[in-house]
Amino acid sequence: MLIDVHAHLNDPKLIESVKEIVEKSRQSGVERIICSGHNMASSMLAIQLAKEFDNVYATIGLHPHSCFEFSKDFETLLKSEINNEKIVGIGEIGLDYFNLDAQIEEISKNFPNLSLTKEKVIEKQKDVFLKQLELANKYSLPFVIHMRDATGETLKLLESHKDLIKNSGLVHCYSGSLETTKRIEELGLYYSIGGSITFKNSRIMPDVLKEVGIEHVLLETDCPYLSPEPFRGQTNTPASIPLIVKKISELTNISESEIEKTTTQNAFNLFKRLK
């Protein structure tokens with residue numbers, strides 16, 4: 001059994017074909033898919049898809065780009081669904097400092113009355129990230145982290161709030177250095193590898209995996225994004241997970257069957273509601 005721990009079946013590029021995508025993924029050996037929310041609307045749709053398909057689960061959360069959406073409504077949604085066993089975690093949450101000017105422009109479209117600066121956006125992201133870690137801790141759920149151009153800040157926040165991460169978590173779409181990887185592992189967290197590991201310009205993670213192995217590794221597609229080679233640039237689906245397994249096997253000399261076994265067990269260890 002293979003598990004895609006981070007997919008966006010709720011994305012407009014995929015939603016109209018979800019039934020076919022889920023079936024094709026099953027045929028490819030991907031028997032569990034975790035659909036990730038990134039704002040209120042996509043979180044609610046992830047819950048809906050998890051209820052509709054027996055092998056689809058959901059994480060719900062506010063991506064840093066959606067941090068200004070945070071309100072009591074999110075906790076109300078979580079409270080109303082907390083006993084839903086198909087919700088397996090809080091995510092994707094985190095920090096994203098890439099192109100803050102573009103973020104401000106986009107946020108201002110939805111919140112025109114806000115007077116925003118880069119500093120205000122960064123502080124809001126940190127505040128909402130911490131609030132969602134608190135919710136994950138409160139409801140005994142793991143979390144899924146998005147971090148882009150904010151690795152140091154993300155790790156610093158996690159390391160200073162170890163009381164909130166005892167249910168563990170996942171750094172998704174991971175491509176960090178050996179030093180960063182060791183810090184993540186020391187925190188007891190996992191990280192998921194996606195299609196970018198197959199790219200010709202992927203230089204860091206191959207060396208990291210050779211050094212640390214796969215004891216903290218899970219598999220993801222982040223579909224519809226990041227299709228692995230030889231389909232780079234095309235719409236991605238969970239059915240591409242076997243290509244990622246194959247590449248990891250080539251890089252580490254660990255058999256594909258062992259990668260499947262280890263990453264699947266890691267997924268069950270982290271997302272305890274997975275069945």
Side-chain angles (χ1 to χ4, degrees), residues 1-66 69 74 77 81 84 86-94 96 98 106 110 143-146 148 170-175 192-199 218-247 263-264 267 271 273-275:
M1 177 196 300
L2 293 166
I3 300 176
D4 184 348
V5 299
H6 193 92
H8 295 285
L9 299 177
N10 45 2
D11 189 276
K13 292 182 180 179
L14 301 182
I15 192 64
E16 298 299 324
S17 305
V18 167
K19 186 174 182 180
E20 293 81 3
I21 289 168
V22 170
E23 181 55 34
K24 184 178 179 181
S25 299
R26 213 192 284 262
Q27 292 171 4
S28 299
V30 182
E31 297 184 24
R32 302 288 185 277
I33 302 168
I34 300 178
C35 182
S36 177
H38 59 87
N39 57 20
M40 282 290 292
S42 64
S43 292
M44 292 173 69
L45 186 50
I47 294 170
Q48 179 182 324
L49 292 171
K51 290 177 178 178
E52 184 175 350
F53 298 96
D54 65 342
N55 64 327
V56 174
Y57 293 77
T59 61
I60 64 174
L62 301 179
H63 184 285
H65 289 183
S66 302
E69 285 190 30
F74 179 71
L77 173 66
E81 296 284 350
N84 179 354
K86 299 299 290 293
I87 295 179
V88 298
I90 305 297
E92 60 187 283
I93 66 177
D96 188 330
F98 176 75
E106 193 62 31
N110 297 317
F143 48 87
V144 178
I145 290 178
H146 167 106
R148 188 177 187 189
L170 169 69
V171 181
H172 103 91
C173 200
Y174 186 68
S175 60
S192 49
I193 306 298
S196 60
I197 193 73
T198 69
F199 298 169
L218 287 85
L219 304 171
E220 70 159 276
T221 57
D222 201 23
C223 64
Y225 316 105
L226 297 175
S227 273
E229 297 287 2
F231 305 107
R232 186 175 182 178
Q234 300 180 31
T235 299
N236 200 8
T237 74
S240 70
I241 286 285
L243 292 174
I244 299 167
V245 172
K246 181 179 180 182
K247 186 63 178 181
T263 57
T264 296
F271 298 108
R273 290 183 172 183
L274 275 180
K275 306 228 181 267

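In what follows, every heavy atom counts, from backbone to side chain, and hydrogens, waters and symmetry copies are set aside. Note that this is a predicted model, so its numbers are computed, not measured.
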For the CD atom on Q27, are there more than 12 heavy atoms of other groups (residues, nucleotides or ligands in this structure) within a distance under 6.0 Å? yes
Check whether any side-chain heavy atom of F231 sits under 4.5 Å from a side-chain heavy atom of T237, and report yes or no. no
Give a yes or no answer on whether the side chain of D4 reaches the backbone of T221 with a donor-acceptor pair at less than 3.5 Å. yes
Worked verdict on F53 versus V18 for side chain to side chain contact (heavy atoms under 4.5 Å, CB included): CA-CA 10 Å; F53 298 96; V18 167; 3.3 Å; yes
Compare every heavy atom of L218 with every heavy atom of A267, then report the nearest pair and how far apart it is. CA-CD2, 3.5 Å
Aromatic ring pairing H63/H38, orientation class (parallel under 30°, perpendicular over 60°, tilted between): perpendicular
Working to the nearest 0.5 angstrom, can you tell me the gap between E220 CD and I244 CD1? 7.5 Å
Heavy-atom pair with the smallest gap, counting every atom of S28 and A239: OG-CB, 3.5 Å
One should read off an interatomic distance between L77 CG and M40 CE, to the nearest 0.5 angstrom, of 5.0 Å
Set of side chain to side chain contact (heavy atoms under 4.5 Å, CB included) partners for L226, sequence neighbours left out: C173, F199, D222
Quick check: closest heavy atoms across V88 and F271, and the distance to 0.1 Å? O-CD2, 3.5 Å
According to ring-ring contact (aromatic ring centres under 6.0 Å, His included), does anything in residues 7-28 pair up with another residue at least two apart or in another chain? List the pairs. H6-H8
Out of V5, I241, V30, which residue meets the side-chain contact (heavy atoms from CB on, under 4.5 Å) rule with L219? I241
Please report the interatomic distance CD(E20) to OG(S25), rounded to the nearest 0.5 Å. 11.0 Å
Residues that Q234 engages under side chain to side chain donor-acceptor pair (under 3.5 Å), provided they are two or more places apart: none
Measuring from atom SG of C35 to atom CG of L14, what distance do you get when rounded to the nearest 0.5 angstrom? 9.0 Å
Roughly how far, to the nearest 0.5 Å, is CD1 of I34 from CG of N55? 11.5 Å
Under the side chain to side chain contact (heavy atoms under 4.5 Å, CB included) rule, collect the residues that match up with K247, sequence neighbours excluded. I197, T198, E250, L251
My understanding is that only residues two or more places apart in sequence, or in another chain, count here; which of them pass salt bridge (Lys or Arg N to Asp or Glu O under 4.0 Å) with R232? none
Applying side chain to side chain contact (heavy atoms under 4.5 Å, CB included) to T264 and not counting sequence neighbours gives M1, I3, E260, F268
Test your reading of the model: is there a side-chain donor-acceptor pair from K86 to the backbone of V56, 3.5 Å cut-off? yes
Main-chain N/O of G37 paired to S42 side chain as donor or acceptor, under 3.5 Å: no
Mind listing the closest non-hydrogen atom pair of L243 and P230 along with its distance? CD1-CD, 4.5 Å
Quick one: does any side-chain atom of S43 pair with a main-chain N or O of I60 as donor and acceptor, under 3.5 Å? no
Flag, side chain of Y57 to backbone of G89, donor-acceptor distance under 3.5 Å: no
Would you find a donor on one side and an acceptor on the other, under 3.5 Å apart, between the side chain of N10 and the backbone of S36? yes
Residues H65, E106; criterion side chain to side chain donor-acceptor pair (under 3.5 Å); working and verdict: CA-CA 9 Å; H65 289 183; E106 193 62 31; over 6 Å; no
CD1-CG distance between I15 and L9, expressed to the nearest 0.5 angstrom: 7.5 Å
Of all the heavy-atom pairs spanning E81 and I87, show the shortest one and how long it is. CB-CD1, 3.3 Å
